[in-house]
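Single-structure report; data block below.
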Protein chains: 2
Amino acid sequence: MKARSPHIDEQHLTEQLGATGLRLTPQRQQVYDVLRHKRDHPTAEEVFIRAKKTMPDISHATVYNCLDALVKSGLARQVTLDRGATRYCPNMHEHGHFHCDSCQTVFDVDLPAQAMKLPKGFKADHFDIAIHGVCADCAKKK
Amino acid sequence: MKARSPHIDEQHLTEQLGATGLRLTPQRQQVYDVLRHKRDHPTAEEVFIRAKKTMPDISHATVYNCLDALVKSGLARQVTLDRGATRYCPNMHEHGHFHCDSCQTVFDVDLPAQAMKLPKGFKADHFDIAIHGVCADCAKKK
DNA sequence: CCGCACTTTAGAATTGTTCTAAATCTTGAC
DNA sequence: GTCAAGATTTAGAACAATTCTAAAGTGCGG
């Protein structure tokens, strides 16, 4: 086997983090490696457990910090944004939700009618669509 | 003013709940009224606070129960499904997530390329799309 | 070498949700 | 009506996920 790179794309990591004013630390490297290694959308807790295997002293809070750092620098995504409480709505018509990141309001928006193409055999039951951005009012103010 | 209906669409509520084997109770009525009254996607906590205004003895747990009952009978929706821990993924390519409700696996799926039409002036930053259903494997097994 | 800003750490605190056990309400059978 | 069975509500405890806090560690520029 050829000299394997101990970490995935170290250069890239440093750059992306740097652009956000953050450093590449061993812990962030590790957390990123975990995410890249098994692409099964782990929870923070799962990342913590996996990271511990090669870095036994890493702490819970650090994993959260690192995930945050990665998300901030565009190296990873939170699959379910919208931290915090679940919200409810009585509008049963198929629709999506637009979250204004500036004023925090949630607007109902029409769905793009069409079926998005799914892999063969998959049966969609229902869609949950959240769009993040800035609403008309806030866009004007800025 | 004409005799106002004390509650919204009582008949409909009874039917929908009944179809799921549930009863229409004053608390469920109240929680539903709260949802219908101000359509701002309140959290369970907010529903609790609002419901308390006209039904001071309603309890926290009951609000959760009622919301659950309403969701089960198709009278309301949870805006952010996916109770529990936030998940992360390092796939930065625009994509959606398909959750198999049977085996709990999360699959990446392509997005329906197109811009969904947003109200004028709204600026989308990014989309967060979750599709719930059954994956090919599980569909076969059943 | 020093100071400063960034990080990590352990553990406590907070928040959102679910569970538990007891009390209460409904409903249908008698 | 009366009663039992089952559904529902309640208060509060328990739990889970996340964030906060304060102290210690790290590393780079001067």
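Reckoned from all heavy atoms, side chains included, excluding hydrogens, waters and symmetry mates. We name chains A, B, ... by the order of the sequence lines, and we start the count at 1 in each one.
Residue B:Glu45 contributes atom CD, which lies 9 Å from atom C1' of C:dT15 at whole-angstrom precision. If you take NE2 of B:His60 and P of C:dC19, they are 15 Å apart, rounded to a whole angstrom. Summarising the geometry, the separation between OH on A:Tyr64 and C1' on C:dT7 is reported as 18 Å, rounded to the nearest angstrom. To the nearest angstrom, C1' of C:dT7 lies 7 Å from CZ of A:Arg28. Here the P atom of nucleotide D:dG12 and the CZ atom of B:Phe48 are 11 Å apart, to the nearest Å. With rounding to whole Å, B:Leu17 atom CG is found 15 Å from C:dT26 atom P. In this structure, CD of B:Gln27 is placed 14 Å from C1' of C:dA23, rounded to the nearest angstrom. Taking atom CG of residue B:Leu67 and atom P of nucleotide C:dT18, one finds them 10 Å apart after rounding to whole Å.
Shown here are the salt bridge (Lys or Arg N to Asp or Glu O under 4.0 Å) partners of B:Lys72, two or more places apart in sequence or in another chain: B:Asp68. With sequence neighbours excluded, the residues that form a ring pair (Phe, Tyr, Trp, His ring centres under 6.0 Å) with B:Phe122 are A:Phe98, A:Phe107. A search for side chain to side chain donor-acceptor pair (under 3.5 Å) contacts involving A:Ser59 returns A:Thr62, not counting sequence neighbours. Residues passing the salt bridge (Lys or Arg N to Asp or Glu O under 4.0 Å) test with A:Lys38, sequence neighbours excluded: A:Asp40. Take B:His60 and apply the ring pair (Phe, Tyr, Trp, His ring centres under 6.0 Å) test, not counting sequence neighbours, and it matches B:Phe48, B:Tyr64.
Considering only the side chain of A:Thr62, C:dT9 comes nearest among C:dT9, D:dA17, C:dT17. In the set C:dT18, D:dT10, C:dA10, the nucleotide with an atom closest to the side chain of A:Ser59 is C:dA10.
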A correct 5'-to-3' footprint of nucleotides 20-30 of chain D, with B, S and - meaning base, sugar-phosphate only and no protein heavy atom under 4.0 Å, is B----------
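Residue A:Asp57 is in sugar-phosphate contact alone, with no base atom involved, counting any heavy-atom pair closer than 4.0 Å across all strands shown. B:Thr25 comes within contact range of the sugar-phosphate backbone alone, with a heavy-atom separation under 4.0 Å but no base atom that close.
Counting heavy atoms from C-beta on, the side chains of B:Ile58 and B:Lys52 come closer than 4.5 Å.
Considering CG of B:Asp33 and OG1 of B:Thr54, their distance stands at 8.0 Å, rounded to 0.5 Å.
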